Visitor: 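Sending over a structure as structure tokens; questions will come in a sec.
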Amino acid sequence: MKRTFLSLIISFTACGVFAAPSTINIDKEVKSVENKVIEWRRDIHKHPELSNRETRTAAIIAKHLKSLGMQVETDIAHTGVVGFLKGAKPGPTVMLRADMDALPVTEKADVPFKSTIVTKYMGEDVGVMHACGHDTHVAMLMGTAEVLAAVKNELHGNIMFVFQPAEEGAPEGEEGGAELMLKQGIFNKYKPEVAFGLHVMSSLNSGQIGYRSGPIMASADTFDITVNGKQTHGSAPWNGVDPISAAAQIVTGVNHIVSRQIDITKEPAIVSFGKISGGVRDNIIPDKVEMIGTIRNFDMDNRDQIFDKIKTTATHIAMASGAKADVKINKGYPVTINNPALTTQMLPTLQKVAGKDNILEVPKLTASEDFSFYAQEIPGLFIFLGGTPVGQDASEAPYNHSPYFYVDESSFKVGTKALSQLAIDYLAIKNN
């Protein structure tokens, strides 16, 4: 009921009933931190850390937030940091979030602050790189913290800065990320009313901001199907139960779920098999076949239906062949949904920051984001920040997770101002 009431309040403000523009000018503050943001980014980029191992990054963040006079909490969800800036005037709390972790990718981008870090990952030596731009997210939010601290006497409310580990997923056997931060009570303690976040994207040029109301990024789940049969000689299949034949039928049946059993006029969905393994030689029908795959989707009800139908389809097809299918669904990140009313409410802010011509409504993205966990609890708005230099074809730029991924530093001032202005304007609107 609380979330429904809040959504109604936001709807009224989006229509202009309570809305009023902020009179706080932060251009001077944004300009003063621009070089610092670049320096922080280069340092963090040169010293990347994998999920749940972001200790150096977290220490830099905590030191900076403390220097601004904030209440700072560390070691949340392993390495997470939360800074709390109390405005001089009463009002709600706005959450701003950045993720901190890097990826097991060997950097090939030709930059002077290139990562040369090598570490162990799943038992192997791997390079480590900020191939998804989380270094830029951290640096921009650190800059935003300094901007907002400079104007805290004018704020009608508070800002909660969340620096989150393990967005790329916790190591096997560990918990992490947004889900663990929530589990450890950050929302219960700080009680934010809305959440804002951004992600750099090479598919947009510097200065551009991408947004979308409603579902913007897909849920990401996996499935494991083990088909158990009875091993026999390949020349006499009737003496056993063939799990390979059953598995082949299961692949066909599962691929029909989206095309024939889910209402895709509501939202699109994807089910893909990524690996099938079974057998050792040509004339032995094995006793077992293992299959794994991914599920991507933009509707939470469809998501549950797909889970149920994969289990039903696999078990019944296997049963018809005399085999047995064990199905395990591994829930990952939910659909990232931008609250429609909040998106409408804050669109003028984005236009003010980047200019109307640079605000683009982007298509849904089948990648996923664990910002989605925050947006399940409170209204959220997640935007994309262009990172490919102006004049270059963004459609040809190396995409996120590429070893050649690169983010243009001129985009940082836009990202810093966007995060700062979203918080300022939301609090101003709520005060009217």
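Quick caveat, the model's predicted, so the values are computed rather than measured.
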Visitor: Is there a ring-ring contact (aromatic ring centres under 6.0 Å, His included) between Phe223 and Phe273 once you walk through the steps?
Guide: CA-CA 9 Å; Phe223 61 87; Phe273 285 83; 5.1 Å; yes

Visitor: Between Lys36 and Glu146, is there a side-chain N and carboxylate O pair less than 4.0 Å apart?
Guide: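 Glu146 and Lys36: salt-bridged.
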
Visitor: With ring-ring contact (aromatic ring centres under 6.0 Å, His included) as the test, would you mind laying out the steps for Tyr211 and Phe384 before giving the verdict?
Guide: CA-CA 6 Å; Tyr211 81 99; Phe384 296 131; over 10 Å; no

Visitor: Between the side chains of Glu73 and Tyr190, is a donor N or O closer than 3.5 angstrom to an acceptor N or O?
Guide: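 Checked: Glu73/Tyr190 side chains pair up, N/O donor to acceptor below 3.5 Å.
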
Visitor: Kindly give the heavy-atom pair with the smallest separation between Ile60 and Asp43, and that separation in Å.
Guide: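 Closest heavy-atom pair between Ile60 and Asp43: CD1-OD2, 3.4 Å.
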
Visitor: Do side-chain atoms of Ser51 reach the backbone of Gly169 as a donor and acceptor pair under 3.5 angstrom?
Guide: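 Yes, the answer is positive, given that a donor and an acceptor are paired below the 3.5 Å cut-off.
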
Visitor: For Ile378 and Glu193, which heavy atoms make the closest approach, and how far apart are they?
Guide: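 Shortest heavy-atom contact: CB-O, 3.7 Å.
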
Visitor: Phe371 vs Phe382 aromatic rings, parallel, tilted or perpendicular, using cut-offs 30° and 60°?
Guide: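 It falls in the tilted class, 30° to 60°.
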
Visitor: Testing the basics here: between Ile225 and Ala325, what is the closest heavy-atom pair and its distance to 0.1 Å?
Guide: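 For Ile225 and Ala325, the tightest heavy-atom pair comes out as CG2-CB, 4.4 Å.
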
Visitor: Just by modelled atom types, is the Met181 backbone N or O under 3.5 Å from a matching donor or acceptor in the Gln184 side chain?
Guide: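 Answer holds: no.
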
Visitor: In terms of side-chain heavy atoms, does Arg296 have a donor or acceptor partner in Thr294 at a distance below 3.5 Å?
Guide: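 On atom types as modelled, these side chains qualify, holding a pair under 3.5 Å.
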
Visitor: Mark yes or no for whether Asn205, through its side chain, and Thr388, through its backbone, hold a donor-acceptor pair below 3.5 Å.
Guide: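 Answer holds: yes.
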
Visitor: Tell me if a side-chain donor or acceptor on Asp408 pairs with a main-chain N or O of Ser411 at a distance below 3.5 Å.
Guide: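 Side chain of Asp408 to backbone of Ser411: no pair is present.
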
Visitor: First locate atom NZ of Lys413, then atom CD1 of Ile38, and finally report the distance between them rounded to the nearest 0.5 Å.
Guide: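 Here the rounded value is 8.0 Å.
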
Visitor: Looking just at side-chain N and O atoms, do Asn330 and Asp224 make a donor-acceptor pair shorter than 3.5 Å?
Guide: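 Side-chain D/A pair, Asn330 to Asp224: present.
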
Visitor: Counting only heavy atoms not in Glu168, do more than 12 sit closer than 6.0 Å to its CD atom?
Guide: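 It does: Glu168 CD has more than 12 such atoms within range.
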
Visitor: For Val128 and Glu107: C-alpha separation, side-chain torsions, deciding distance, then whether side chain to side chain contact (heavy atoms under 4.5 Å, CB included) applies.
Guide: CA-CA 7 Å; Val128 184; Glu107 183 159 16; over 6 Å; no

Visitor: Hey, does the side chain of Asn400 reach the backbone of Phe405 with a donor-acceptor pair shorter than 3.5 angstrom?
Guide: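 Checked: no pair found.
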
Visitor: Specify the closest pair of heavy atoms between Asn358 and Gly207, including all atoms of both residues, with the distance to one decimal.
Guide: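 Nearest pair, atom of Asn358 first, then Gly207: CB-O, 3.3 Å.
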
Visitor: Please check if atom CZ in Phe113 has more than 12 non-hydrogen atoms from other residues, nucleotides or ligands closer than 6.0 Å.
Guide: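 Atom CZ in Phe113 is crowded, with more than 12 foreign heavy atoms closer than 6.0 Å.
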
Visitor: In Å, rounded to the nearest 0.5 Å, how long is the span from CZ of Arg41 to NZ of Lys46?
Guide: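 That separation rounds to 13.0 Å.
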
Visitor: Output yes when a side-chain donor or acceptor of Lys191 lies under 3.5 Å from a complementary backbone atom of Asn188, and no otherwise.
Guide: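 Yes: the side chain of Lys191 pairs with the backbone of Asn188.
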
Visitor: With a 4.0 Å cut-off, would you call Lys352 and Asp425 a salt bridge?
Guide: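 Answer for the salt bridge query: yes.
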
Visitor: Crowded around Asp357 CG? As in, over 12 foreign heavy atoms under 6.0 Å?
Guide: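 No.
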
Visitor: Between Lys328 and Thr222, does the side chain to side chain contact (heavy atoms under 4.5 Å, CB included) criterion hold? Intermediate values first, please.
Guide: CA-CA 8 Å; Lys328 182 181 179 184; Thr222 62; over 6 Å; no

Visitor: Is the number of heavy atoms from other residues, nucleotides or ligands within 6.0 Å of NZ (Lys114) greater than 12?
Guide: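 More than 12 heavy atoms, drawn from other residues, nucleotides or ligands, come within 6.0 Å of this atom.
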
Visitor: Of Asp27, Thr144, Thr349, which is the lone residue that meets side chain to side chain donor-acceptor pair (under 3.5 Å) with Lys417?
Guide: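 Going through Asp27, Thr144, Thr349 one by one, the side chain to side chain donor-acceptor pair (under 3.5 Å) with Lys417 is satisfied by Asp27 alone.
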
Visitor: Apply side chain to side chain contact (heavy atoms under 4.5 Å, CB included) to residues Thr119 and Asp125 and explain how you reach the verdict.
Guide: CA-CA 5 Å; Thr119 192; Asp125 291 331; over 6 Å; no

Visitor: Inspect the contact between Glu290 and Lys275 and indicate whether a charged nitrogen and a carboxylate oxygen are less than 4.0 angstrom apart.
Guide: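 Here Lys275 does not pair with Glu290 in a salt bridge, since their nearest N and O are not under 4.0 Å apart.
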
Visitor: Under a 3.5 Å distance rule, please check whether Thr315 uses its side chain to pair with a backbone N or O of Thr312 as donor and acceptor.
Guide: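 Side chain of Thr315 to backbone of Thr312: a pair is present.
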
Visitor: Side chain of Ser420, backbone of Thr416: donor and acceptor closer than 3.5 Å?
Guide: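 Side chain of Ser420 to backbone of Thr416: a pair is present.
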
Visitor: Is it true that a side-chain atom of His78 and a backbone atom of Glu175 form a donor plus acceptor pair closer than 3.5 Å?
Guide: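 Looks like yes, one N/O pair under 3.5 Å.
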
Visitor: Looking at every non-hydrogen atom in both residues, tell me the closest pair between Ser402 and Met129 and how far apart they are.
Guide: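 Looking at all heavy atoms of both residues, the closest pair is O-CE, 3.7 Å.
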
Visitor: Please give me the minimum heavy-atom distance between Pro48 and Ala102, naming the atom from each residue.
Guide: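 Taking Pro48 first and Ala102 second, the nearest heavy atoms are CB-CB, 3.5 Å.
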
Visitor: Assess the residue pair Asp304 and Lys309 against the criterion (salt bridge (charged side-chain N to carboxylate O under 4.0 Å, His left out)); give the C-alpha distance rounded to whole Å, side-chain angles, the decisive distance to 0.1 Å, and a yes or no.
Guide: CA-CA 9 Å; Asp304 290 337; Lys309 290 182 183 299; over 6 Å; no

Visitor: Given Val227 and Lys288, is the side chain to side chain contact (heavy atoms under 4.5 Å, CB included) satisfied, shown in steps?
Guide: CA-CA 6 Å; Val227 184; Lys288 183 171 65 176; over 6 Å; no

Visitor: Please check this pair: side chain of Asp221 against backbone of Gly332, looking for a donor-acceptor N/O pair closer than 3.5 Å.
Guide: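 Side chain of Asp221 to backbone of Gly332: a pair is present.
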
Visitor: Just verifying a value: how many Å separate Gln345 CD and Ile429 CD1, rounded to the nearest 0.5 Å?
Guide: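 CD1 of Ile429 is found 4.5 Å from CD of Gln345.
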
Visitor: Under the salt bridge (charged side-chain N to carboxylate O under 4.0 Å, His left out) rule, what do Glu174 and Arg53 come out as? Steps first, then yes or no, please.
Guide: CA-CA 12 Å; Glu174 296 181 19; Arg53 306 291 184 269; 2.7 Å; yes

Visitor: Does a side chain donor of either Gln164 or Tyr374 reach within less than 3.5 Å of an acceptor in the other side chain?
Guide: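 Checked: Gln164/Tyr374 side chains pair up, N/O donor to acceptor below 3.5 Å.
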
Visitor: Does the plane of the ring in His45 sit parallel, tilted or perpendicular to the ring in His130? Use 30° and 60° as the thresholds.
Guide: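 Ring orientation, 0 to 90° scale: tilted.
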
